[in-house]
Amino acid sequence: MIPLGRSALERLRLLRCFSKLSWRRNSSSSDRALEYKIGEKIHGFTVEQVRAVPELFLTAVKLSHDNTGAKYLHVAREDTNNLFSVQFRTTPMDSTGVPHILEHTVLCGSQKYPCRDPFFKMLNRSLATFMNAFTASDYTLYPFSTQNQKDFQNLLSVYLDAVFFPCLRELDFWQEGWRLEHENPTNANTPLVFKGVVFNEMKGAFADNERVFSQHLQNKLLPDHTYSVISGGDPVDIPDLTWKQLKQFHATHYHPSNARFFTYGNIPLESHLKQIHDDALIKFQRIDPSTEVPPQELWSAPREYHVTCAPDTFASDPAKQTTVSVGFLLTELTDTFEAFTLSLLSTLMVSGPNSPFYKALIEANLGTDFSPDVGYNGNTREAYFSVGLQGIPEDDIEAVKQIISRTIDEVIERGFEEQRIEALLHKIEIQLKHQSTSFGLALASDNPHRLTLSMSPDASYYDKQTKVEEEKLKAKILVFSEDERKQIYEKGLELMALQSKPQDASCLPALKLSDIEPTIPYTELETEFVAGDVPVQYCAQPTNGMVYFRAICSLNFLPEELKPYVPLFSNVITKMGCGAYDYREQSQQMELTTGGMSVTPQIIPDESNIDSYEQGVLFTSSCLDRNLPDMMYLWSEIFNNPRFDDQEHLKVLIRMTAQELSNGIPDCGHLYASIRASKTLTSAGDLIETFSGMEQVKLMKRIAEMTDISPIQRKLSRIRKHLLIRDHIRCSVNATPQQISKASKEVEIFLKGIHKNKKGLKVVRPSLIEKSFNLHPLESEQAVSLKATRKLISDPTFKPCQMKTHFSLPFPVNYVGECVRTVPYTNPDYASLRILARIMTAKFLHGEIREKGGAYGGGAKLSQNGVFQFYSYRDPNSLSTLSAFEKGINWALAGTYTQEDVVEAKLSEFSAVDSPIAPSDKGVNQFLYGISDEMRQKHREQVFQVSHESVAKVANKYLSTGQCTHAAAILGPENAGIAKDPSWIIR
């Protein structure tokens, strides 16, 4: 190991001093909050409880509002990323989706801010690090966070007015919820159809079979009240909701007496209380909202239900697509100790290969993975536990039920190994001893409130849903008079005109560019060369006793035919056993000594050349500082002695991986579309598709279908020999200043112990570019003579080409992606293209794709690899969305946006650029991407300098016809228009 130079030691000493000072300062917000007295009156609120939590450096203050009874919890902590949320208990009694549609509609304008869609507009007028709204089974939540105090006050004003004083206009209800409208709103002769953002969102949500199963499980296990309905809305029932019912639901549920407020951070509590009281609560009096959820009446006997779903296109065995689960009702969440105990018990029962249900169910080779929503669920008044299998033959339902019953009996009789409980307590960072190895089991098999739910595919599932929708549509249309039909047509035109009308957002508060810091804080990094020439980056941070380790191994030595199997290798390498440990023992050691160990393939773009990239595999882990030697020993064993010999366990992992990929498509369809569309645009595109696209989904399906996987085992062993070597590895460590020296010794032991390239492995792709990091090596003669480098693949012969692909899948909605090749991170045009993407999203695409088109989401963004992406998500349209992208380009070329639009886009960009970075992630941009703080500062300055002129210039230079190569992809149902067009590849 190279000794630290004097200046490096001085820097670390300063960091250590700063760390001590900052922790002393960290107590200020918390200490200030400790001064509040119980019974103290502050701006209409009364303090009810004050409690310090020194382990987390915070103080919690509980209050209630005198006039309305609104509850308030403030957590004071010296954290600049301040958070606010207001939550209402929302308890619908039908599946029309009223709380979900209301959540959307209250954000469409309010008394103080009557412009349309202030929520989305504030995304471009704020530096918010988070803004959203959520509808759960029995509550609706509106949170935001920001690091700027003025911004906090602005957002708080908008949020308070939105939830307590919304406009709730009928046209907004039509747009966000549902409406009857002509297929072409300008042509009264086209058919009437159902439209609406939430309507299409929920159609997309229930394209996910796991979501379907989880929803049925809750509805049928808790059938007596609000948990028996779909709070988000069932597409079949959504068209039964009226505008009047929406307004009535708001009046009864969105009242301060039914509200819970929460704030967190270092802004003084008094300023929050004053603004909340003066802007909203002072205008209300206490009511009884009557929204409480009554306890579920317990059953006297178990129940069983069977439901259907859509077939899984990517199932490895079409005859094995049934899911079965047994669910048990548990205690109320208000019994905190019991709920905590049951949560621990659930983890012991189902988590990891040492758990009883993993052994009994997953390793029985009956199914592909656990059933959805497995384990403890604490999202309802009474918690519940469920366990089961998916990917089984329908004939095996009874066998699975018997295994579940038998396993519970065995756990009651035997309890758990002491080491497993210790591993769990370590995992959740609790320094407590268990009281016994057999908790007071509420899961005993004689619990009569037990539900067995099974689900099997129905080939005509979507056809039946479509038929139900068509019948509902006919029934509604049948009762319309000619005047009512005319009104629908006119309302459609009115909504369309409103959506197309230029909007005045001047009533909304906004930050100015002068509110943004001109420079970024620089992160102190040190690089040491270990075991000869391996660069290790050290970043001293206040990590609270944790050590974070990363390593990247290059794939440059790997033969091309092994590349498709790298994601599988990455997924299983920490789960198959290593050295003397079998996979169960390895898992136990990981739980006892680490916060997790993960391995992921990486394709890292070159910051200055769009056709260069680094290909590698990233290894990440964390641990308490006392466990660092144990963690590094595990990595040594994984690198030197990984085990791929247990074929049965490998089959289990393959089945689970294939199932997870297939289940993830409905949630990530837009990402798959964009990956496919960019496949032919850059030299890295094909490899990205191979690692992360639909090609990987299909490959895992084929592997899962194999009866003999010994060829796969051989491939994994070959990958290990080419990858897990000391040549072309680099590492990074984030730890407290006091731990850096110890960490460097452990990393040195690890690096000296792993294999070197002794067989003369050669780089497969000879076109390599060697780039040095912009680092500050530690001062020593050896360090000065060495350079930390990345070896990038370059393909000077690569030619981008256009390609259009349609993945025909049995979904009721589409996921659309169109990509354009532009420029990489350090190109002077990159900043202007980033701003262009934000302008196009906010000022054109949002209106066309979401408001008019009814998709749940859509927009444009520029990726770090220089690919400009257009996308839509849960979209009822496909080709017309591609036309909307084209219209968006023409709109951008026309340059009708304003300088104010450019400023707003910059604010939006800075909110992303300046999002807080955890101590564990400081320096990661440098380590992973080669992007130094100096580069980030230069990009920042370029964003500040972006003008209307520069945005117009890049729009013409890269988006106009013939300038750059475009490609497109769609995931969605069969499409007659695409089928007739020979330019499309249909998969």
Side-chain angles (χ1 to χ4, degrees), residues 81-86 102-134 140-169 172 175-176 197 254 261 263 265 267 272 275-276 279-280 499 502-516 834-835 837-847 850-851 856-861 897-916:
N81 194 30
N82 287 268
L83 180 140
F84 164 86
S85 77
V86 59
L102 182 59
E103 173 224 306
H104 280 239
T105 313
V106 299
L107 299 174
C108 288
S110 62
Q111 289 180 16
K112 194 172 179 181
Y113 306 110
C115 64
R116 291 188 56 250
D117 227 350
F119 176 81
F120 281 98
K121 289 180 176 57
M122 285 304 293
L123 291 171
N124 297 298
R125 303 169 73 87
S126 157
L127 293 176
T129 53
F130 184 81
M131 277 179 70
N132 215 327
F134 306 100
T140 306
L141 177 70
Y142 297 86
F144 71 78
S145 62
T146 178
Q147 298 179 94
N148 182 293
Q149 185 163 353
K150 180 181 174 185
D151 194 31
F152 190 100
Q153 292 165 349
N154 289 348
L155 289 167
L156 181 56
S157 178
V158 172
Y159 266 60
L160 290 174
D161 211 58
V163 296
F164 290 115
F165 312 109
C167 294
L168 297 182
R169 293 170 288 231
D172 292 330
Q175 172 184 287
E176 296 298 316
V197 172
Y254 278 52
F261 292 91
T263 48
I267 298 177
H272 300 329
Q275 187 173 355
I276 291 168
D279 287 4
Q499 291 166 336
Q503 297 175 42
D504 179 10
S506 58
C507 63
L508 287 169
L511 291 181
K512 300 173 183 175
L513 288 177
S514 57
D515 293 320
I516 298 170
R834 293 274 294 191
I835 299 305
R838 292 188 181 275
I839 292 172
M840 291 180 73
T841 299
K843 303 302 176 182
F844 187 86
L845 294 173
H846 175 79
R850 181 179 165 111
E851 293 182 351
Y856 182 41
K861 61 182 179 180
Y897 46 88
T898 65
Q899 182 59 34
E900 184 183 349
D901 296 335
V902 175
V903 170
E904 288 184 4
K906 289 185 188 183
L907 287 169
S908 179
E909 176 69 7
F910 280 119
S911 75
V913 168
D914 292 341
S915 58

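With sequence neighbours left out, the side chain to side chain contact (heavy atoms under 4.5 Å, CB included) criterion links Q153 to Q149, Q275. With sequence neighbours excluded, the residues that form a salt bridge (charged side-chain N to carboxylate O under 4.0 Å, His left out) with E909 are R834, R838. Considering only residues two or more places apart in sequence or on other chains, D117 meets the salt bridge (charged side-chain N to carboxylate O under 4.0 Å, His left out) condition with none of them. Legend: residues meeting side chain to side chain contact (heavy atoms under 4.5 Å, CB included) with P509, ordered by chain and number and at least two apart, are Y113, M122, N154, V158. In this structure, the side chain to side chain contact (heavy atoms under 4.5 Å, CB included) partners of L123, at least two apart in sequence or on a different chain, are F120, M131. For F152, the ring-ring contact (aromatic ring centres under 6.0 Å, His included) partners two or more places apart in sequence, or in a different chain, are F144, H272. Every residue meeting the side chain to side chain contact (heavy atoms under 4.5 Å, CB included) condition with A842, not counting sequence neighbours, appears here in chain and number order: N124. In this structure, the side chain to side chain donor-acceptor pair (under 3.5 Å) partners of R850, at least two apart in sequence or on a different chain, are H104, E176. Residues that satisfy the side chain to side chain donor-acceptor pair (under 3.5 Å) test with S506, not counting sequence neighbours, are D504.
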Before you tell me yes or no, could you show the steps for L102 and L168 under side-chain contact (heavy atoms from CB on, under 4.5 Å), namely the whole-Å CA-CA distance, both residues' side-chain angles and the distance that decides it to 0.1 Å?
CA-CA 8 Å; L102 182 59; L168 297 182; 3.8 Å; yes
Hey, mind stepping through V197 and Y856 against side-chain contact (heavy atoms from CB on, under 4.5 Å) and telling me if it holds?
CA-CA 6 Å; V197 172; Y856 182 41; 4.2 Å; yes
What verdict does the side-chain contact (heavy atoms from CB on, under 4.5 Å) test give for F84 and L155, after you've listed the backbone C-alpha separation in whole Å, the side-chain angles of each residue and the deciding distance to 0.1 Å?
CA-CA 9 Å; F84 164 86; L155 289 167; over 6 Å; no
side-chain hydrogen bond (donor to acceptor under 3.5 Å, both in side chains) between S145 and T129: does it pass, once the steps are laid out?
CA-CA 5 Å; S145 62; T129 53; 2.6 Å; yes
Test side-chain contact (heavy atoms from CB on, under 4.5 Å) on N82 and T263; report intermediate values, then the result.
CA-CA 7 Å; N82 287 268; T263 48; over 6 Å; no
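The two residues S908 and S911 make their nearest non-hydrogen contact at O-OG, 2.7 Å. P118 and G109 make their closest contact through CD-N, 3.3 Å (heavy atoms, listed as atom of the first residue, atom of the second, distance). For the residue pair A128 and S126, the shortest heavy atom distance occurs at N-OG, 2.8 Å. The shortest non-hydrogen separation linking F910 to I516 is CD1-CD1, 3.4 Å.
Put simply, the side chain of V106 reaches to within 4.5 Å of the side chain of Y254, judged on heavy atoms. Looking only at side-chain heavy atoms (C-beta outward), P114 and C507 come within less than 4.5 Å of each other. Contact of the F130 side chain with the N81 side chain is not registered, since no non-hydrogen atoms from C-beta on lie closer than 4.5 Å. Residues L511 and L127 form a side-chain contact, since some pair of their non-hydrogen atoms from C-beta on lies under 4.5 Å apart. A heavy-atom distance below 4.5 Å is found between the side chains of F119 and Y159.
Each salt bridge (Lys or Arg N to Asp or Glu O under 4.0 Å) pair with one or both residues in residues 144-162, not counting sequence neighbours, appears once here: K150-D515. The list of salt bridge (Lys or Arg N to Asp or Glu O under 4.0 Å) pairs with a residue in residues 102-113, not counting sequence neighbours, is empty.
Here SG of C167 is found 7.5 Å from CG of D172. Values are rounded to the nearest 0.5 Å. For the atom pair H846 NE2 and K121 NZ, the distance stands at 7.0 Å (nearest 0.5 Å). Taking OH of Y142 as the start and OG of S85 as the end, the distance is 12.0 Å to the nearest 0.5 Å. To the nearest 0.5 Å, atom CZ of residue F165 and atom CG of residue L160 are 8.5 Å apart.
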Tabulate below the donor-acceptor pairs under 3.5 Å that side-chain atoms of residues 899-906 make, not counting sequence neighbours, or state none.
residue	atom	partner	partner atom	Å
Q899	OE1	H948	N	3.4
D901	OD1	T898	OG1	3.4
D901	OD2	T898	N	2.9
D901	OD2	T898	OG1	3.2
E904	OE1	K843	NZ	3.1
E904	OE2	R125	NH1	2.6
K906	NZ	F944	O	2.6
K906	NZ	V946	O	2.7

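With Q147 contributing its side chain and D914 its backbone, the two residues share a donor-acceptor pair below 3.5 Å. Between the side chain of K861 and the main chain of T841, no donor-acceptor pair closer than 3.5 Å is present.
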